[in-house]
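What follows is a short report on a single structure.
Every chain is numbered from 1 and lettered A, B, ... according to where its sequence line falls, protein lines coming before strand lines. Here the structure is a predicted model, which is why all the values come from computation and not from measurement.
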There are 2 protein chains.
Amino acid sequence: MTAYSRAEALTVIQREMTAFARRARASAARTHPELSLVSFTLLAHLEDRQGCRATDLAAHYLLDKSTVSRQVGNLERLGYVERRTDPEDHRIQVLHLTPKGAEMLAQAAESRRRAFAARVEDWDEADLERFAEYLLRYNDTVTREDGTDA
Amino acid sequence: MTAYSRAEALTVIQREMTAFARRARASAARTHPELSLVSFTLLAHLEDRQGCRATDLAAHYLLDKSTVSRQVGNLERLGYVERRTDPEDHRIQVLHLTPKGAEMLAQAAESRRRAFAARVEDWDEADLERFAEYLLRYNDTVTREDGTDA
DNA sequence: GTGAAGAGTTGTAAAACACAACTATCAGAG
DNA sequence: CTCTGATAGTTGTGTTTTACAACTCTTCAC
């Protein structure tokens with residue numbers, strides 16, 4: 001089908017990924033104004049990992065500690081996140097989703113998933129799976145290289 | 001290989017795409033501080049389309065007109081972009097890369113491509129191509145739906 | 001011509017973000 | 001035990017990105 005050189009494929013991937021990124025924030029904001037893309041992402045990460053530290057979030061998303069600190073502060077103020085100081089090490093605050101946060105996340109995820117699903121309506125299962133796999137594979141590479149995550 | 005349901009695949013794709021998005025800006029800033037991810041993206045689009053209007057950029061990336069206007073203003077001030085008022089319709093300013101802009105874009109693209117290439121070093125050609133294809137296919141869907149592009 | 005619509009700019013305000021300086025806690029060396 | 005260095009997190013400060021709204025200028029249709 002395609003006749004890309006390796007370099008061309010790389011260029012396309014980069015360009016399209018960033019194009020996607022640009023739009024994601026805007027459409028996320030429209031779909032669910034309550035929860036910005038950043039907040040959404042952080043909550044999703046907390047759910048995925050069943051709680052983690054602010055530092056982990058910062059490392060994973062290449063954000064500054066201060067940024068994460070304030071974001072988490074907001075989420076806590078909204079009642080979506082809860083801090084549990086580690087009894088072993090009082091420096092550490094393990095962040096957890098509250099039930100309210102989990103519910104909000106589920107709602108946002110659902111409405112976004114719906115909007116997204118409409119766009120890939122005509123994709124067959126195999127393509128979707130492979131697409132998901134590629135993304136996982138790529139992001140996993142990044143994570144390892146940066147030594148960011150546990 | 002995989003055993004995702006369709007819904008699971010959608011969730012993964014969304015999550016990973018956004019994770020990528022979050023990181024892209026940060027790593028782009030580190031790789032080439034001269035040119036922010038937005039600016040880079042806009043320049044790349046100009047190159048790809050061989051010039052276009054500010055409105056097209058706004059529509060394509062779901063950005064507000066004013067945002068694009070200011071971004072383009074910066075790029076012009078830096079000497080990377082040139083405006084050519086359409087002789088047929090004086091409302092329209094067609095934006096073009098200057099040679100300097102093209103050079104800067106090439107440099108940034110190259111250094112980013114290198115960083116990127118390292119991460120997909122062990123991917124085989126077919127996977128890269130398919131990945132690129134999926135992205136194009138997805139983004140094309142979005143573009144059409146929003147009726148954004150020409 | 002008049003009025004609606006499109007392209008673009010500017011005023012203004014809110015978010016997101018980074019860097020640096022700070023506190024508090026821990027862990028190891030002497 | 002105390003000093004030192006490292007880690008986790010917060011807060012002060014300033015920049016950048018972004019959106020919304022109000023505006024100008026141009027075109028096109030009637």
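Nearest nucleotide to the side chain of Leu63(B), out of dG6(C), dA19(D), dT10(D): dA19(D).
Rounded to a whole Å, the CG atom of Asp64(A) is 17 Å from the P atom of dT13(D). Spacing between atom CZ of Arg22(A) and atom P of dA16(C) amounts to 14 Å, rounded to whole angstrom units. Atom NZ in Lys65(B) sits roughly 10 Å away from atom C1' in dA21(D) (whole-Å rounding). Nucleotide dG9(D) holds its P atom 13 Å from the CG atom of Leu42(A), rounded to whole Å. Here dT26(D) presents its C1' atom at 12 Å from CG of Asp86(B), a figure rounded to the nearest Å. Whole-Å rounding puts the Arg30(A) CZ to dT18(D) P distance at 15 Å. Here dA14(C) presents its P atom at 15 Å from CG of Asn74(A), a figure rounded to the nearest Å. To the nearest angstrom, C1' of dA15(C) lies 14 Å from CG of Leu35(A).
Between the side chain of Arg112(A) and the backbone N or O of Ala28(A) there is at least one donor-acceptor pair closer than 3.5 Å. Side chain of Ser69(A) to main chain of Lys65(A): no donor-acceptor pair is present (N/O by atom type, distance under 3.5 Å, no hydrogens or angles). Side-chain atoms of Glu8(A) come within 3.5 Å of backbone N or O of Ser5(A) as a donor-acceptor pair.
Between Arg53(B) and dA7(C) there is a side-chain polar atom (N or O) within less than 4.0 angstrom of OP1 or OP2. Thr55(B) has a side-chain polar atom (N or O) that falls below the 4.0 Å cut-off from OP1 or OP2 of dG8(C). Note on Arg83(A): a side-chain N or O is less than 4.0 Å away from OP1 or OP2 of dT10(D). Contact annotation: Ser66(B) does not reach the phosphate of dG11(C) (side-chain N/O to OP1 or OP2, under 4.0 Å). Not one side-chain nitrogen or oxygen of Gln93(B) sits closer than 4.0 Å to the OP1 or OP2 atom of dA7(C). Of the side-chain N and O atoms in Thr67(B), none sit less than 4.0 angstrom from OP1 or OP2 of dT18(D). The phosphate of dT18(D) has OP1 or OP2 within less than 4.0 Å of a side-chain N or O from Gln71(B). A sub-4.0 Å separation between OP1 or OP2 of dA16(C) and a side-chain N or O of Ser36(A) is present.
Between Glu103(B) and Lys100(B), no side-chain nitrogen of the basic residue sits less than 4.0 Å from a carboxylate oxygen of the acidic one, so the salt-bridge criterion is not met. Between Glu133(A) and Arg137(A) no salt bridge is recorded (no basic side-chain N to carboxylate O distance below 4.0 Å).
Checking Arg70(A) against Glu88(A), the closest nucleotide of DNA chain C that is more toward the 5' end is the one next to Arg70(A). Each of His90(A) and Val94(B) was assigned the nucleotide of DNA chain C with the nearest heavy atom; the assignment lying further toward the 5' end belongs to Val94(B).
Residue contacts for Val38(B): at a heavy-atom cut-off of 4.0 Å it reaches the sugar-phosphate backbone alone, with no base atom in range. Counting non-hydrogen atoms under 4.0 angstrom, Asp89(A) reaches the backbone sugars and phosphates but no base.
Considering Asn74(B), Leu46(B), Leu42(B) in turn, Leu46(B) is the only one that fulfils the side-chain contact (heavy atoms from CB on, under 4.5 Å) rule with Val81(B).
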